[in-house]
Amino acid sequence: MLERFKAMGVLRNLMHLLAIIFILILPFAEPQWHPEGGWELLMGAMIPATAPIIFIVMMFDLLMLKVMRSGADETRLEIEGLITRTHLVTGGLLLLMWALSFSGILFG
C-alpha cells in the first residue's frame with residue numbers, strides 16, 4: 001500500500017494531505033466579512049477562500065491525468081485509477097465541507 005502512495009508522487013500526496021487538513025479545519029471555520037485579528041483572518045477568510053482553489057487544482061490534475069492516459073501501460077493505468085479515485089473522494093469531501101461552512105451565510 002505504501003508503494004502505491006509513493007507511486008502517486010510527492011506533490012499529489014502533499015496536495016491530498018493539504019486537502020485533508022482543510023477538510024478537518026473547515027467545520028471550525030466561520031466565514032467573516034471583516035475579520036479583526038490574525039486568527040479570525042485565518043479561519044474566517046483565508047481557509048474558506050483557499051479550499052476551492054485546492055479543489056480546482058485537484059480537478060486540473062485529474063484532467064491532465066486523463067489527457068496523459070492514452071499511452072500508459074497496465075501498471076500505470078492502475079496507479080492512475082488510484083489517483084483518480086483519491087482525487088474524486090478527497091475533492092468531493094473538500095467541496096462538501098466548504099459548502100457546509102458557507103451554508104450559514106448562503107442560506108441563513
Side-chain angles (χ1 to χ4, degrees):
M1 186 70 174
L2 186 60
E3 291 85 24
R4 293 175 73 188
F5 283 111
K6 284 182 182 178
M8 284 186 0
V10 175
L11 293 178
R12 282 190 181 111
N13 287 329
L14 289 175
M15 182 171 48
H16 292 144
L17 179 65
L18 183 63
I20 290 169
I21 290 170
F22 271 56
I23 289 168
L24 296 174
I25 292 175
L26 274 169
F28 304 107
E30 185 176 327
Q32 298 178 5
W33 290 106
H34 302 288
E36 296 178 10
W39 183 252
E40 292 172 351
L41 179 66
L42 179 71
M43 294 300 285
M46 292 173 67
I47 299 239
T50 310
I53 296 170
I54 295 170
F55 175 76
I56 290 171
V57 169
M58 288 174 71
M59 293 304 113
F60 278 145
D61 186 48
L62 187 61
L63 176 68
M64 291 309 299
L65 187 69
K66 294 298 180 188
V67 168
M68 302 300 285
R69 190 175 196 150
S70 63
D73 60 346
E74 186 65 33
T75 307
R76 186 66 192 164
L77 287 175
E78 182 181 329
I79 293 168
E80 288 177 359
L82 175 66
I83 294 169
T84 300
R85 287 188 301 274
T86 308
H87 274 351
L88 291 176
V89 168
T90 309
L93 285 173
L94 181 65
L95 196 61
L96 177 69
M97 296 311 291
W98 180 81
L100 288 176
S101 72
F102 273 97
S103 65
I105 291 175
L106 294 175
F107 307 114

Would you confirm whether Asn13, through its side chain, and Met8, through its main-chain N or O, come within 3.5 Å as a donor-acceptor pair?
no

Nearest-0.5 Å distance that lies between atom [atom1] in [X] and atom [atom2] in [Y]:
X: Leu94; Y: Ile23; atom1: CG; atom2: CD1; result: 5.5 Å
X: Leu95; Y: Ile54; atom1: CG; atom2: CD1; result: 12.0 Å
X: Asp61; Y: Ile83; atom1: CG; atom2: CD1; result: 7.0 Å
X: Leu96; Y: Ser101; atom1: CG; atom2: OG; result: 10.0 Å
X: Arg76; Y: Ile79; atom1: CZ; atom2: CD1; result: 5.5 Å
X: Leu93; Y: Leu26; atom1: CG; atom2: CG; result: 11.0 Å

Identify whether [X] and [Y] are in the same connected component of the hydrophobic contact network (ILVMFWY, side-chain heavy atoms under 4.5 Å).
X: Leu100; Y: Phe28; result: yes
X: Phe5; Y: Leu77; result: no
X: Met68; Y: Leu88; result: no
X: Ile20; Y: Val89; result: no

So do Met15 and Thr90 actually touch side chain to side chain, heavy atoms under 4.5 Å?
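No, side chains not in contact.
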
Quick check: closest heavy atoms across [X] and [Y], and the distance to 0.1 Å?
X: Pro48; Y: Trp98; answer: O-NE1, 2.8 Å
X: Phe22; Y: Ile47; answer: CE2-O, 3.6 Å
X: Met97; Y: Pro27; answer: CE-CG, 3.1 Å

Sorted by chain and residue number, the side chain to side chain donor-acceptor pair (under 3.5 Å) partners of His16 (sequence neighbours excluded) come out as His87

Has Met59 got more than 12 heavy atoms of other residues, nucleotides or ligands less than 6.0 Å from its CE?
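Yes, enclosed.
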
Can you confirm whether more than 12 heavy atoms, excluding those of Glu80, are under 6.0 Å from its CD atom?
yes

Applying side-chain contact (heavy atoms from CB on, under 4.5 Å), can you list everything that pairs with Glu78, at least two apart in sequence or on another chain?
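For Glu78 the side-chain contact (heavy atoms from CB on, under 4.5 Å) partners, ignoring immediate neighbours, are Arg4.
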
